Amino acid sequence: MAECGAGGGGSSGDSLDKSITLPPDEIFRNLENAKRFAIDIGGSLTKLAYYSTVQHKVAKVRSFDHSGKDAEQDHEPPYEISVQEEITARLHFVKFENTYIEACLDFIKDHLVNTETKVIQATGGGAYKFKDLIEEKLRLKVDKEDVMTCLIKGCNFVLKNIPHEAFMYQKDSDPEFRFQTNHPNIFPYLLVNIGSGVSIVKVETEDRFEWIGGSSIGGGTFWGLGALLTKTKKFDELLHLASKGQHANVDMLVQDIYGGAHQTLGLSGNLIASSFGKSATADKEFSKEDMAKSLLHMISNDIGQLACLYAKLHSLDRVYFGGFFIRGHPVTMRTITYSINFFSKGEVQALFLRHEGYLGAIGAFLKGAEQDNPNQYSWGENYAGSSGLMSASPELCPTQRARSGTFDLLEMDRLERPLVNLPLLLDPSSYVPDTVDLTDDARARKYWLTCFEEALDGVVKRAVASQPESTDAAERAEKFRQKYWSKLQTLRHQPFAYGTLTVRSLLDTREHCLKEFSFPDPYSKVKQKENGIALKYFQGVVRALDSLGWEERQLALVKGLLAGNVFDWGAKAVSDVLESDPQFGFEEAKRKLQERPWLVDSYNKWLQRLKGPPHKCALIFADNSGIDIILGVFPFVRELLFRGTEVILACNSGPALNDVTYSESLIVADRIAAMDPVVHSALQEERLLLVQTGSSSPCLDLSRLDQGLAVLARERGADLVVIEGMGRAVHTNYHAVLRCESLKLAVVKNAWLAERLGGRLFSVIFKYEVPAE
Amino acid sequence: MLKLGGGGGGQDWACSVAGTGLGAEEAAFEVARPGDQGEVGGWGPGWGCTETPDSVPRASMLQAGAAGLAHGGKGAEEVGESAGGGEERWVRHPRAPALRLLNRKPQGGSEEIKTTENDLQGGRLSQGPRAVPPAQSMGDRGGQPERSASHSPGAPAGTSAALVNGLLHNGFHPSPVQPPLVCSRGPAGGGDAAPPRLPLLSELQPQPLLAQHDSPAKKCRLRRRMDSGRKNRPPFPWFGMDIGGTLVKLVYFEPKDITAEEEQEEVENLKSIRKYLTSNTAYGKTGIRDVHLELKNLTMCGRKGNLHFIRFPSCAMHRFIQMGSEKNFSSLHTTLCATGGGAFKFEEDFRMIADLQLHKLDELDCLIQGLLYVDSVGFNGKPECYYFENPTNPELCQKKPYCLDNPYPMLLVNMGSGVSILAVYSKDNYKRVTGTSLGGGTFLGLCCLLTGCETFEEALEMAAKGDSTNVDKLVKDIYGGDYERFGLQGSAVASSFGNMMSKEKRDSISKEDLARATLVTITNNIGSIARMCALNENIDRVVFVGNFLRINMVSMKLLAYAMDFWSKGQLKALFLEHEGYFGAVGALLELFKMTDDQ
């Protein structure tokens with residue numbers, strides 16, 4: 001069945017300190033704005049879900065009123081920045097041991113200020129047991145929800161909204177966790193929930209699922225039978241015993257029956273012929289460890305076998321495992337994986353879920369929130385507020401594991417707009433945004449973690465400097481430093497904590513942490529200043545370009561794009577130069593560029609293409625503010641418009657480093673239109689369209705883009721995608737295959753990465769690709 | 001979830017069990033020692049062919065082995081002839097090429113069989129995995145078997161051990177003197193055709209003898225053949241043996257049509273075996289003859305007689321082999337047909353200690369052929385196969401005969417220590433679908449650990465008195481009633497042993513409850529897997545056999561219930577009276593087949 005019942009309640013928290021050891025306000029974050037609750041009470045763990053709103057500071061940009069004279073323009077920024085409060089929605093999930101339930105309920109009661117909620121959705125075997133307590137403490141009516149319905153709803157939710165939610169577990173390989181990229185269509189799949197018993201559910205659509213079978217031999221059998229055999233009471237301790245045992249002392253193996261002959265017969269002698277087959281004797285003692293191990297194998301094999309039989313019968317190859325038997329325990333993930341591989345001969349993969357423990361709570365919450373249509377939105381895991389996957393290190397003894405896992409948090413931000421695949425991806429199901437998997441590549445991981453550690457001081461400094469009027473900026477920046485530092489340390493030891501570790505996830509985590517401590521846009525002033533300077537040069541640059549011959553101009557335009565791209569506060573080498581020499585100009589940047597032939601150089605092919613008919617519509621993903629967007633991208637856009645190509649210019653929805661945001665791009669475009677008739681008319685005639693990506697990352701995930709962008713790209717028949725910048729074209733999408741022509745441009749501003757790619761610092765990537773016929 | 005709450009009925013149908021623990025002998029099979037041979041009919045000394053003194057004491061295994069070796073050397077000609085005869089049968093044996101390698105090859109054969117390397121290259125191990133017992137280990141190092149020459153039949157080490165005075169154990173010179181073809185897939189021209197595999201009754205009738213033998217060695221063999229009356233019959237005694245992980249199953253054909261002339265010719269040793277086996281129902285402490293299963297007035301290979309069914313624990317195997325040695329069983333020159341893993345495991349011991357060459361047979365082949373044969377001859381006029389009528393109604397549930405004349409396709413679930421599941425499409429077309437390590441051995445092993453019991457009978461007796469619902473967590477224990485969302489009854493088991501997560505409940509249950517829960521858990525799990533296999537293979541008849549079902553009405557009724565209930569009447573569970581003995585019968589049939597092929 002779904003969840004271990006009340007029978008096991010309390011048995012795993014006995015020896016722990018009953019008082020809450022962590023400050024509760026760090027656990028129940030944002031509680032004062034909580035609006036809706038759901039609770040999932042299992043045999044030993046309680047999962048609380050609540051919906052709350054978060055007040056963020058956001059940097060807003062606004063054009064000055066230009067009705068007046070332009071006299072002072074030279075000294076004036078191109079637009080004004082104001083910090084405003086914005087309210088966004090967030091889902092909080094907290095996991096704690098049942099032992100703390102009363103203390104937790106008290107805390108919630110005391111801090112629940114402005115809720116109009118009358119009902120709490122409850123699920124799990126323990127919901128029954130604690131019903132009265134909850135109703136009494138919270139004065140909320142407990143509304144019991146079906147366990148399995150909640151589980152499936154939760155499962156669909158995480159599979160849809162959390163990239164790298166599902167993973168395969170391979171004990172002896174490095175990394176042990178292999179995350180799956182989210183398939184655009186998550187259905188159909190099989191969910192094998194191993195609670196006290198086993199339920200096997202086939203899920204066909206969001207609302208349609210079917211219990212197709214199950215088994216009574218599950219986690220409760222391991223726990224109950226294990227307790228009888230070993231006199232060990234706790235589930236975790238039983239697993240620990242099992243991890244030390246030798247099952248061959250208890251099990252009858254093939255080699256015990258066949259002797260040495262199994263070798264000649266091509267049989268594997270280590271196969272278990274009969275579980276516990278050797279214990280049918282009165283005159284032998286068996287060790288607890290050996291019996292526990294034998295029991296673990298017996299149960300895991302049996303479940304794996306049944307799961308394979310059901311998968312085969314229903315022709316399903318995606319099988320997710322959950323339930324307390326699995327819940328992050330490397331021992332059971334390993335045995336289940338082994339069993340599935342054995343019985344399916346590799347045809348079925350055992351998949352596990354990072355947030356498996358929260359499925360019931362998520363589902364119960366969604367059940368209760370149906371009128372708000374949470375499924376209409378896209379949600380994103382907040383790395384700053386989520387604990388990540390627990391360490392699977394076998395060295396950690398189970399009690400330590402239990403302690404460190406006493407509290408576990410997950411936070412999901414509601415995104416303003418739904419995110420979808422870019423329709424131009426050749427194969428969305430196999431698209432992997434990231435170029436280097438740092439979970440896989442230990443050397444790269446070490447380098448990048450160190451790189452981010454070293455860059456931290458600079459980021460802190462910049463954050464403080466961005467809020468000169470604030471009195472607590474230094475204090476918050478210090479908190480940010482600690483938080484991000486500890487995330488980096490966690491990732492050093494558990495690179496898999498938030499899914500596949502990539503440069504993108506490291507950057508995103510940093511952005512989440514900055515936002516957490518109210519540094520919504522540390523670069524807003526820098527960007528403002530740079531945009532102002534660049535706008536002044538725009539007309540001069542355009543004039544110079546226009547004076548060139550066609551072929552010369554094409555190269556100059558590309559060089560301009562690349563030179564603009566050198567201005568990137570994200571790369572340490574550049575920020576060093578920029579900090580020390582603010583006058584480092586556009587022309588200097590051009591001089592710094594590598595001479596042709598570039599590291600990757602398909603310029604000639606591109607030039608040939610330009611001699612042909614114009615593209616119908618180009619989709620350009622812009623990178624930095626200032627020189628990059630104004631002196632690099634806009635002249636390039638202008639040339640495309642000349643040619644008769646429509647342009648969709650996509651910028652980030654939210655701030656990340658010095659990347660140009662959508663709202664900044666609107667102002668910049670406005671200012672340029674005022675100077676340039678080509679841009680002006682294109683904007684007016686909607687041949688130049690500015691859109692937002694839906695992202696606030698310095699990188700680019702083409703499988704999670706703003707729906708409006710995707711619709712527009714399809715409507716306008718985009719046949720060229722231009723991706724510029726190291727974050728978008730090298731760290732991510734370097735290997736992305738599109739259905740149309742694509743241009744990936746970047747200056748490699750990181751010596752290590754340049755070397756990895758076989759070049760040197762400031763090497764140029766110019767990758768023009770035409771889809772295969 | 002696929003479980004039935006307790007109350008599956010008691011053992012109202014317990015078969016009579018031959019008494020256990022008769023006598024205080026340590027030996028599994030009581031070994032006739034000098035001095036007490038009279039009691040057992042003088043089995044032991046005084047029989048013809050060799051000079052082995054009956055005064056060999058109850059030596060340690062090693063001593064016995066050494067004696068056996070010495071004997072092999074001394075009586076090289078005769079003993080070697082015996083093995084040589086076997087070898088000759090071999091090279092003429094036209095059937096089952098894949099099985100060849102599974103059998104002990106004559107050392108005088110071609111080079112092809114000399115090393116395990118060659119075995120593998122020969123590509124004849126394709127059948128191997130089919131015989132894999134179920135489930136797998138989680139061994140820390142993968143499951144790749146390492147080849148070790150010293151344990152491989154036919155490998156150099158084994159060969160040299162068998163060399164005595166420059167001769168191989170079987171009396172052949174070690175050099176490959178025969179053309180390599182001799183040992184390959186069978187007689188020229190017939191190698192690829194798949195000849196009929198199952199000698200059913202009619203096919204077992206005597207055939208005219210084809211060849212005259214004139215060498216001295218052959219004359220000797222000829223004389224021995226006379227023991228069973230006809231020249232193309234194997235010499236008596238006729239045994240078929242299935243050496244499993246827990247139990248050894250032995251079938252013995254007792255000829256009842258012995259003429260006075262034969263009686264006179266019958267060597268003392270042979271006679272004493274016959275008398276000993278047929279006049280006792282228990283042998284030593286643990287050997288038992290299932291008298292109620294005896295097949296009477298059976299005609300096998302042209303002889304009329306009774307087929308006896310005997311079992312003893314596999315752990316007594318060494319004592320059994322030693323007895324074979326002490327009683328000089330090898331002098332009878334019979335071929336011992338054996339199947340089951342133990343045929344491989346103990347082969348060396350049989351040879352070294354008892355000077356007996358096992359004819360090893362694939363266990364699944366034997367199982368199917370034995371089953372079909374026993375079903376075809378019936379159970380002393382009654383049908384062998386039965387089912388339960390009204391399996392979902394405990395009041396009306398009763399055993400009914402079933403006609404298995406047209407048995408295909410059937411899903412055959414063999415429940416021994418572990419469980420193998422086969423899909424059988426015809427008498428020689430079947431595949432092993434899967435298996436599970438949760439079998440009879442698991443039931444007994446867990447019961448011993450949980451209750452301190454020692455025997456299967458004891459465990460079943462306790463289980464019959466227990467109530468598994470105290471131990472298991474039922475759907476209603478979690479949901480307070482049925483789980484309607486999934487249509488599960490409140491009485492269904494949600495978690496086997498699930499109540500045992502709670503200390504109070506652990507302290508309040510009885511051993512009987514635990515035994516019952518173990519039995520129900522294992523049985524329902526097998527039922528569940530069998531049902532899924534039946535669905536996947538699209539077969540609606542499921543035949544359950546194996547000694548896990550011996551005197552185990554609880555399990556049979558549970559299986560019948562589970563098949564019927566969960567398939568909404570689509571699946572039928574069938575059972576057979578001689579549930580655990582088909583492998584041994586199949587092995588015996590091979591003995592006739594070997595001779596027939598000559």
Side-chain angles (χ1 to χ4, degrees), chain A residues 1 5 7-8 125 146 148 196-197 199 211 213-218 220-221 223-225 227-229 233 247 252-254 256-282 297-298 301-302 305-306 309-310 312-313 335 338 342, chain B residues 1-3 102 116 119 125 128-129 131-139 143 145 147-148 151-153 245 341-342 344-345 417-418 436-439 441-442 444-446 448-450 454 472-473 477-478 485-486 493-503 506 521 525 528-529 532 535-536:
Chain A
M1 299 310 306
D146 174 65
M148 200 53 64
S196 47
S199 285
W211 185 88
S215 167
S216 68
I217 300 184
T221 315
W223 195 344
L225 199 45
L228 288 169
L229 291 171
K233 288 178 211 154
H247 75 105
M252 186 184 286
L253 307 186
V254 165
D256 295 320
I257 298 177
Y258 275 79
H262 66 87
Q263 292 159 350
T264 340
L265 298 174
L267 304 178
S268 174
N270 288 325
L271 293 182
I272 303 170
S274 176
S275 294
F276 286 91
K278 280 185 191 156
S279 65
T281 166
H297 282 183
M298 175 179 108
N301 288 346
D302 194 55
Q305 180 173 26
L306 277 168
L309 285 167
Y310 279 102
K312 190 180 169 199
L313 191 64
T335 52
Y338 190 102
F342 179 85
Chain B
M1 290 307 311
L2 179 66
K3 304 293 136 134
L102 299 182
T116 49
D119 287 348
L125 286 173
V132 178
Q136 79 288 15
S137 116
M138 298 288 167
R147 272 182 245 125
S148 150
H151 287 278
S152 311
F344 297 86
K345 182 180 179 180
S417 314
T436 167
S437 70
L438 283 82
T442 315
L444 186 54
L446 279 176
C448 289
L449 292 174
L450 293 172
E454 288 180 38
D472 295 340
K473 195 184 276 283
D477 295 334
I478 299 177
R485 179 71 180 76
F486 287 156
V493 182
S495 173
S496 297
F497 288 86
N499 279 342
M500 298 298 93
M501 289 188 280
S502 129
K503 189 178 184 310
R506 281 201 295 275
T521 301
N525 189 60
S528 189
I529 293 171
M532 288 306 296
L535 282 174
N536 272 329

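Letters A, B, ... are given to chains in the order of the sequence lines, protein chains preceding strands, and every chain is numbered from 1. Any value given below was found using the heavy atoms of this structure, including those in side chains, with hydrogens, waters and symmetry copies removed. None of the values given here were measured: they were computed from a predicted structure.
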Validation row: [X], [Y] side chains within 4.5 angstrom (heavy atoms):
X	Y	answer
Ile529(B)	Asp302(A)	yes
Leu225(A)	Thr521(B)	no
Leu309(A)	Leu535(B)	no

Quiz item: Between Leu228(A) and chain B, which part of the residue has a heavy atom less than 4.5 Å away: side chain, backbone, both or neither?
Solution: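 For Leu228(A), backbone and side chain are both near chain B.
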Spatial distance of atom [atom1] ([X]) from atom [atom2] ([Y]) [nearest 0.5 Å]:
X	Y	atom1	atom2	result
Ile217(A)	Phe497(B)	CD1	CZ	9.0 Å
Asn525(B)	Gln305(A)	CG	CD	7.5 Å
Tyr258(A)	Lys345(B)	OH	NZ	12.0 Å
Phe276(A)	Leu444(B)	CZ	CG	12.5 Å

Self-check item: With Ser275(A) via side chain to side chain donor-acceptor pair (under 3.5 Å) - residues at least two apart
Solution: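 Ser275(A) satisfies side chain to side chain donor-acceptor pair (under 3.5 Å) with Ser437(B) once adjacent residues are dropped.
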Quiz item: For residues Ser216(A) and Ser496(B), is any side-chain donor paired with an opposing acceptor at under 3.5 Å?
Solution: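 The criterion, which ignores hydrogens and geometry beyond distance, is satisfied for Ser496(B) and Ser216(A).
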Quiz item: Do the side chain of Lys312(A) and the main chain of Asn536(B) share a donor and acceptor less than 3.5 angstrom apart?
Solution: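 Judged by distance alone, no pair lies under 3.5 Å.
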What's the shortest heavy-atom distance between [X] and [Y], and which atoms?
X	Y	value
Gly245(B)	Met252(A)	O-CE, 3.4 Å
Ser528(B)	Gly214(A)	OG-O, 4.4 Å
Thr221(A)	Ser495(B)	N-OG, 3.7 Å
Ser417(B)	Ser274(A)	O-OG, 2.8 Å

Quiz item: Among Met532(B), Met500(B), Arg506(B), which residue forms the greatest number of heavy-atom pairs with chain A at distances under 4.5 Å?
Solution: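 The candidate making the most pairs under 4.5 Å is Met532(B).
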Quiz prompt | Best-contacting candidate, Gly220(A), Gly277(A), Ala227(A), Gly218(A), against chain B by heavy atom pairs under 4.5 angstrom | solution =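 With the most close heavy-atom pairs to chain B, the winner is Gly220(A).
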